[in-house]
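Report on one structure; see the data block that follows.
We name chains A, B, ... by the order of the sequence lines, and we start the count at 1 in each one.
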Amino acid sequence: MTAFTERVKDTVIRIPKGRVATYAQVAACAGDHRAARQVAWVLHSSSRKYGLPWHRVINSRGHISLKPNQGYARQKALLLTEGIMFREDGSINLERYLWNPHIDM
DNA sequence: AACCTGACTTCGG
DNA sequence: TCCGAAGCCAGGT
């Protein structure tokens with residue numbers, strides 16, 4: 001496990017309840033703005049193991065990246081539970097819910 | 001060591 | 001605006 005991967009976990013854990021972050025954003029916080037795919041891989045492989053709030057990470061378009069037959073519904077349900085609202089097309093208003101590491105915490 | 005894969009992103013047609 | 005292709009990174013085979 002690389003240092004970068006460790007930082008990804010630390011970053012994800014910092015995302016506040018009721019807010020979301022994009023894969024690229026998490027990657028940037030962890031020190032490599034180009035490693036979005038690696039962030040996805042980390043969540044996929046060790047979210048359960050480390051109790052990460054994996055559902056708070058979505059793609060840059062404000063959509064859930066999971067396929068409908070995979071965890072899509074579960075992730076959406078978890079976000080709704082935290083008070084996050086979805087538009088009709090299933091997207092999230094990033095202007096409103098995106099985590100700002102410098103202001104929130 | 002080479003090759004494949006994915007819960008991503010960006011750019012060009 | 002909507003795909004498809006090409007980048008990118010690390011772990012698994």
Just the rounded figure in Å: distance from P of C/dG7 to CG of A/D32. 17 Å

Treating A/S46 as the side-chain partner and A/K49 as the backbone partner, does any N or O pair qualify as donor plus acceptor under 3.5 Å? no

Per-pair distances, 0.1 Å, donor-acceptor, side chain in residues 92-101 of chain A, under 3.5 Å, sequence neighbours excluded:
| residue | atom | partner | partner atom | Å |
| --- | --- | --- | --- | --- |
| A/N93 | OD1 | A/E95 | N | 2.9 |
| A/N93 | OD1 | A/R96 | N | 3.2 |
| A/Y97 | OH | A/M85 | N | 3.2 |
| A/N100 | OD1 | A/H102 | N | 3.0 |
| A/N100 | OD1 | A/I103 | N | 3.4 |

For A/L52 and B/dA7, give me the distance from atom CG to atom P, rounded to whole Å. 16 Å

Side chain of A/W54: nearest nucleotide among B/dA7, C/dG11, B/dC8? B/dA7

Show every salt bridge (charged side-chain N to carboxylate O under 4.0 Å, His left out) that has at least one partner inside residues 3-23 of chain A, sequence neighbours left out. A/E6-A/K9, A/R19-A/D104

Length of the CZ-C1' vector between A/R34 and B/dC11, whole Å: 17 Å

With a 4.5 Å cut-off on side-chain heavy-atom distances among I, L, V, M, F, W and Y, is there a chain of contacts connecting A/I13 to A/W41? no

Filtered N/O pairs between nucleotides 1-6 of chain B and protein, under 3.5 Å:
| residue | atom | partner | partner atom | Å |
| --- | --- | --- | --- | --- |
| B/dG6 | N9 | A/R37 | NH2 | 3.2 |
| B/dG6 | N7 | A/R37 | NH2 | 2.4 |

For atom CZ of A/R48, is the number of surrounding heavy atoms from other residues, nucleotides or ligands below 6.0 Å larger than 12? no

Nearest-0.5 Å distance, CD1 of residue A/I15 to NE2 of residue A/H55: 9.0 Å

Specify the separation, in whole Å, of atom NE2 of A/H33 and atom P of C/dG7. 16 Å

Gap between atoms CG and C1', on A/L43 and C/dC9 respectively (whole Å): 14 Å

Sub-3.5 Å donor-acceptor pair from the side chain of A/Q75 to the main-chain atoms of A/V57, do we have one? yes

At what distance, to the nearest 0.5 angstrom, does NZ of A/K76 lie from CG of A/L66? 13.0 Å

Selection: residues 58-81 of chain A, any non-hydrogen atom under 4.0 Å of DNA chain B: A/N59, A/S60, A/S65, A/L66

Ordered by number, residues from residues 21-29 of chain A within less than 4.0 Å of DNA chain B (heavy atoms) are A/T22, A/Y23, A/A24

Would you please test A/W54 and A/V12 for side-chain contact (heavy atoms from CB on, under 4.5 Å) and show each step? CA-CA 7 Å; A/W54 58 272; A/V12 173; 5.7 Å; no

Which residue pairs satisfy the salt bridge (charged side-chain N to carboxylate O under 4.0 Å, His left out) criterion with at least one member in residues 53-63 of chain A, sequence neighbours excluded? A/R56-A/E82

Just the rounded figure in Å: distance from C1' of C/dC9 to NZ of A/K9. 16 Å

Within 45° of the six-membered ring axis of A/Y72 and under 6.0 Å from that ring's centre, is NZ or CZ of A/K67 located there? no

